[in-house]
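This report refers to the structure that appears directly beneath it.
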Amino acid sequence: MTSTLVSKSERAYIQASLQATPPLRGDGRGLLDFRTVLLETGVAPLANGSAKLNIGKMPHEGGGGTEVLAATKLEVEDVETGDGVDGGRIVCSVSCSPSAYPHLSSNALDELQYDLTVILQQTIGHPSLHPQNLTIIPRRKSWLLNLDVVILADSGNVVDALFMAARAALWDTKVPRTRAVEYHAPEETQTTRDSAGAMDIDQREAIPQTSGFDTREMVRTAADFELPDYWDEGEVLNGRERWPVCVTLNLLPPTHFLDATLPEEASVPLRMHLTFSFGTPNSANLQSMRLSGPGELDLNQIKAYIADGEKYARELFNALETKLREEDIRRNVKARDRFALR
Amino acid sequence: MAQSNFDRRRINGPDESYQPIFEADEDLETKWKPGSPRKGRTARDIRPIFLKAGLMNQANGSAYIETEKTKIACAVYGPRQSKTTVYNEKGRLNVEVKFAPFSCTKRRVPIRDAEDRSVAVQIQQALNAAVRLELLPKSTIDIFVTVIENDGIEGCVAAGSVAASVALADAGIEMLGLVAACSAAVVGKEIWMDPTDEEGRVASGSLVLAGMPALGTITSVWQTGLMSPDEAIQCMEACQECCAEIHAVMAQALLENAQNT
């Protein structure tokens, strides 16, 4: 996406090495090797879910690499009078920190931000991936999930990093549990005035006919909600197995390679972004496919790329799953054990 | 308290007013049920295309495309000198898309919107490989696409690419081939070609494909939504076939324009 300046000879050099036998890359990786990916969840305590991802951090110098920070925040929206949609909605936004792209003007930065936002929003905001537990009160109030991703540094392959960080942040998201409540005008009896007060929140139990356990009627007439437990983080966001992973194939016919660094991206501008979701262990669904860059392909090539992309995406997905489960254990079980020992 | 609207000297209307609900509107809302066939056409039919080149005399090349409820006008200016001082050895293709405020069901603000840019990016991706930009150093080709009526964003992108390609040919800019584009949607188990806005909303996934039928290549694929890889490949094959038909329509429109002038 960004254009590092590469001279014609450098571009020819990189292309020739990639097409040589055996293929050679600047850092000695194979064509299908990814750089080291570092992931940490729960980095933003005020967010409902967050993750920080770094691809290609150099171990000795301690810096470099593509660094991306994703965080989700839930807001309450009114369906009737506000922008809310019954069932909740997801809005994604990507912002590029100017320190990551020092050579771009602010207009160019806005356009880059916008392009990356569109890719993320159209894939993750699609109704087929919509989680079920974003409703608070049906047809009245719902959650708006804001997924904000910030690119702190770009050293190539930023789209894959965006999707991985988004997936990790969504995996980590906890939706607060809510309970519907209803307002009642106080009865003109001594007991209610003493216990409830003038215009206080009152539960259905005030009416003697129906049982206090019968909350069916209340959901239909519920006007507002409350959090039963303030300190409870909530339940996990529904549908977390379905969040997709993206793999970017940089295309240099007849070969292709993954995880390009900046000079490689500038020398091989034609790329294909494939996003797969593996909801059930055996099925693979294509969530989005984009061809970008100057170049043309024919249908057979595209078929081959989709098949290869599925394989790579599955490996990436499995690795990410393992890491996310480890992170869950680290933050919950191990932290609790360490705390208990004190 | 409506302070701004309250006028002591006049009789004021009610503070809040709502649009009346017409009985006729509610009858027209026949919802499509999954499993039932497509309304109005078969699954693989695209909407009939009206395409005319050379409508705007001021522009170097122009085209107007109409497919049932999607109406798009395209004008090409160029090749002209690049405004930037940076030397570029290949020409630049600058695509700008504007949705008219009355083009969608809900009024759009006249200010350049975020959605305009995503359509422009897709059209540029479709045309980039086809135009011979290496013959036009230091130049820019400006393509201005105006959407007069919008019925489905995928249809807009496809029709916009077709109109832009015909306008480029009308302007006499050298290309490797005419670019045709088509959209498809997966609805239930079927593949519906050229979905309208309503159909796009019930679809589980959609795909826009642009390519050069004369060379048999593909320049742009844009797929969103849930689709299995096999369905996606079927969509692409169907789109390629439709693109060949659209190519014939484009060539006919250019021929008629050339014969008339």
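Chain naming here is simple, since letters A, B, ... match the order of the sequence lines and numbering starts at 1 in each.
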- Does a side-chain heavy-atom distance below 4.5 Å link B/Ser118 with B/Val157? no
- Message: For the CD atom on B/Glu134, are there more than 12 heavy atoms of other groups (residues, nucleotides or ligands in this structure) within a distance under 6.0 Å?
- Response: yes
- By a 4.5 Å heavy-atom criterion (distance strictly below it), what part of B/Val221 contacts chain A: side chain, backbone, both, or neither? both
- Verify the neighbour count for atom NZ of B/Lys138: are there more than 12 heavy atoms of other residues, nucleotides or ligands below 6.0 Å? no
- Message: Donor-acceptor check, side chain of A/Thr255 to backbone of A/Leu251, threshold 3.5 angstrom: yes or no?
- Response: no
- B/Leu207 versus chain A, heavy atoms under 4.5 Å apart: side chain, backbone, both or neither? side chain
- Note on the structure: Of B/Leu215, B/Leu176, B/Thr219, the largest count of non-hydrogen pairs under 4.5 angstrom with chain A goes to B/Thr219
- Note on the structure: Value for CG (B/Asn150) from CZ (B/Phe99), rounded to nearest 0.5 Å, stands at 5.0 Å
- Task: Examine whether an atom of A/Ser288 lies under 4.5 Å from a heavy atom of chain B, and if so say whether it belongs to the side chain, the backbone or both; otherwise answer neither.
- Result: both
- Query: Between B/Val76 and B/Ala164, which heavy-atom pair has the shortest distance, and what is it?
  - Reply: CG2-O, 4.4 Å
- Item | Atom of A/Ala165, atom of A/Ala70 and distance for their closest heavy-atom approach | O-CB, 3.6 Å
- Note on the structure: By side-chain contact (heavy atoms from CB on, under 4.5 Å), B/Ala238 pairs with (sequence neighbours left out) B/Arg44, B/Met193
- Task: Please name the pair of heavy atoms, one in B/Ile72 and one in B/Cys156, separated by the smallest distance, quoted to 0.1 Å.
- Result: CD1-O, 3.4 Å
- Message: On a heavy-atom basis, which atom in A/Pro294 and which in A/Pro269 lie closest, and how many Å separate them?
- Response: CD-CB, 3.9 Å
- Query: Within a strict 4.5 Å, meaning less than it, do heavy atoms of the B/Thr140 and B/Pro79 side chains meet?
  - Reply: no
- Whatever's closer than 4.5 Å to a heavy atom in chain A on B/Ser204 counts as backbone
- Query: Hey, does the side chain of A/Glu296 reach the backbone of B/Ile218 with a donor-acceptor pair shorter than 3.5 angstrom?
  - Reply: no
- Task: For the pair B/Ser165 (side chain) and B/Ser161 (backbone), establish whether a donor and an acceptor sit closer than 3.5 Å, ignoring hydrogens and angles.
- Result: no
- Query: Does A/Gln19 reach the main-chain N or O of A/Pro253 with its side chain, forming a donor-acceptor pair under 3.5 Å?
  - Reply: yes
- Task: Mark yes or no for whether A/Arg167, through its side chain, and A/Arg240, through its backbone, hold a donor-acceptor pair below 3.5 Å.
- Result: yes
- Identify the residues of residues 89-97 of chain B whose heavy atoms come closer than 4.5 Å to a heavy atom of chain A, ordered by number, or report 'none'. B/Glu89
- Query: chain B contacts: which residues in residues 297-318 of chain A have a non-hydrogen atom closer than 4.5 Å to it?
  - Reply: A/Leu297, A/Asp298, A/Leu299, A/Ile302, A/Lys303, A/Ile306, A/Glu310
- chain A contacts: which residues in residues 223-234 of chain B have a non-hydrogen atom closer than 4.5 Å to it? B/Gln223, B/Thr224, B/Gly225, B/Leu226, B/Met227, B/Ser228, B/Pro229, B/Ala232, B/Ile233
